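Just below is one structure, and these are the notes that go with it.
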Protein chains: 2
Amino acid sequence: MKLIHQLSKETGIPIGTIRFYEKSGLFKGTTKKEVTTNNYVYYGEEVADKLRFIQMAKAVGFTLSEIKEVVDAWYKKEISRKAKIEVLDKKLAQIEEKMKELRTVKKQIALCKFNIENGLD
Amino acid sequence: MKLIHQLSKETGIPIGTIRFYEKSGLFKGTTKKEVTTNNYVYYGEEVADKLRFIQMAKAVGFTLSEIKEVVDAWYKKEISRKAKIEVLDKKLAQIEEKMKELRTVKKQIALCKFNIENGLD
DNA sequence: TTGAACTATATAGTATACTGCATTGTTGTG
DNA sequence: CACAACAATGCAGTATACTATATAGTTCAA
């Protein structure tokens, strides 16, 4: 269990951003009830994992609210198994779509490069 | 050559967004100098192509300024061949990175789904 | 020739995702 | 025990990417 500064160093995500994500409901740290002198929040390794997941999902164009849907399906007890599977299947389909788009964009750029290299532009 | 309303219908991109993209320098329509009664702007098929490219690039997490770099390498005469290739190679590397991230995110979600289906959550 | 459907320009407002700052309190090292 | 380095809270500010509104002019079919 680590404090926010340590978590930030480990993941490369600024402290402000981590707090913003936490306030957005993407994860929750824990306070140690035996400590009464402060209200410092501790984060486990699963939070670091979640942050890395968030970073990657963002990099491929998912919004925070889309990411939150997945994270909720990941661990929220209030959501039914059926609803969770539904969300995850939807995300998997979106990922396939993104892979297709990524291949198309790649082809387009490769063609553009080919044209420039061969003076066809 | 079509007007903005037609272009919007064909691509599914709102007129306001098309104007915003044009102002951002992502493409340029043409005015017919023989027409003096108005200053309507016409768009060729290559603009529709560019819009479709923009949509896909956005969907996989590229920002408008990143997309603009590619679009400029695509057709700007002021940019040297060498600089263009450099930009395109950088983008191709970014695309590989995104593909890797997409596969990781997919694996993570598939594992999450497996756990839920098998009651391991 | 009137009215619906377009066109352009300009400006303001919104949503998302941060980012910075000020304040106040806590902890640990020399 | 001072003081740097950390922690929490709250709120203001910024960047990006739209989105809406207002105004004014143009086109075209009935």
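Computed from a predicted structure; not experimentally measured. Protein chains get the first letters and strands the later ones, always in sequence-line order, with residue 1 at the start of each.
For B:Lys2, the NZ atom sits in a packed shell: over 12 heavy atoms of surrounding residues, nucleotides or ligands are nearer than 6.0 Å. Within 6.0 Å of NZ on B:Lys106 lie no more than 12 heavy atoms contributed by other residues, nucleotides or ligands.
Residues B:Ile79 and A:Phe114 do not share a hydrophobic cluster, clusters being chains of Ile/Leu/Val/Met/Phe/Trp/Tyr side chains in contact below 4.5 Å. Both B:Tyr75 and B:Val47 sit in one connected hydrophobic cluster of ILVMFWY residues. Membership requires side-chain heavy atoms under 4.5 Å apart, directly or through other members.
Where DNA chain C meets chain A (any atom under 4.0 Å from a heavy atom), the bounding nucleotides read 5' to 3' are C:dA17 to C:dT27.
Contacts between residues 47-68 of chain A and DNA chain D, defined by a heavy-atom separation below 4.0 Å, involve no residue at all. Near-neighbour residues of DNA chain D inside residues 29-36 of chain A, defined by a heavy atom below 4.0 Å, are absent. Less than 4.0 Å separates DNA chain D from at least one heavy atom of each of the following residues of residues 16-28 of chain B: B:Gly16, B:Thr17, B:Phe20, B:Tyr21.
Salt-bridge formation is not detected for the pair A:Glu117/B:Arg81: no Lys NZ or Arg NE/NH1/NH2 atom is positioned less than 4.0 Å from an Asp or Glu carboxylate oxygen. A salt bridge links A:Glu86 with A:Lys82: at least one charged nitrogen is closer than 4.0 Å to a carboxylate oxygen.
The nearest whole Å value for the distance from the CD1 atom in A:Ile4 to the P atom in D:dA5 is 19 Å.
Projected onto DNA chain C by closest heavy-atom contact, A:Thr37 and B:His5 fall at different nucleotides, the more 5' of which corresponds to B:His5.
Counting heavy atoms from C-beta on, the side chains of B:Lys58 and B:Leu64 come closer than 4.5 Å. Side-chain contact between A:Val70 and B:Gln108 is absent, with no heavy atoms from C-beta onward closer than 4.5 Å.
If you take CD on A:Gln6 and OG1 on A:Thr11, they are separated by 10.0 Å, rounding to the nearest 0.5 Å. Distance check: B:Lys76 NZ to B:Lys68 NZ gives 4.5 Å after rounding to the nearest 0.5 Å.
Residue pairs meeting the ring pair (Phe, Tyr, Trp, His ring centres under 6.0 Å) criterion with at least one partner in residues 1-56 of chain A, sequence neighbours excluded, are A:Phe53-A:Trp74.
Picking from D:dT9, D:dT26, D:dC6 the nucleotide with the shortest atom distance to the side chain of B:Asn38 gives D:dT26.
When each of B:Glu96, B:Glu97, B:Lys91 is checked for a side chain to side chain donor-acceptor pair (under 3.5 Å) with B:Gln94, only B:Lys91 meets the rule.
Scored by the side chain to side chain contact (heavy atoms under 4.5 Å, CB included) test, B:Ala110 finds no partners at all (sequence neighbours excluded).
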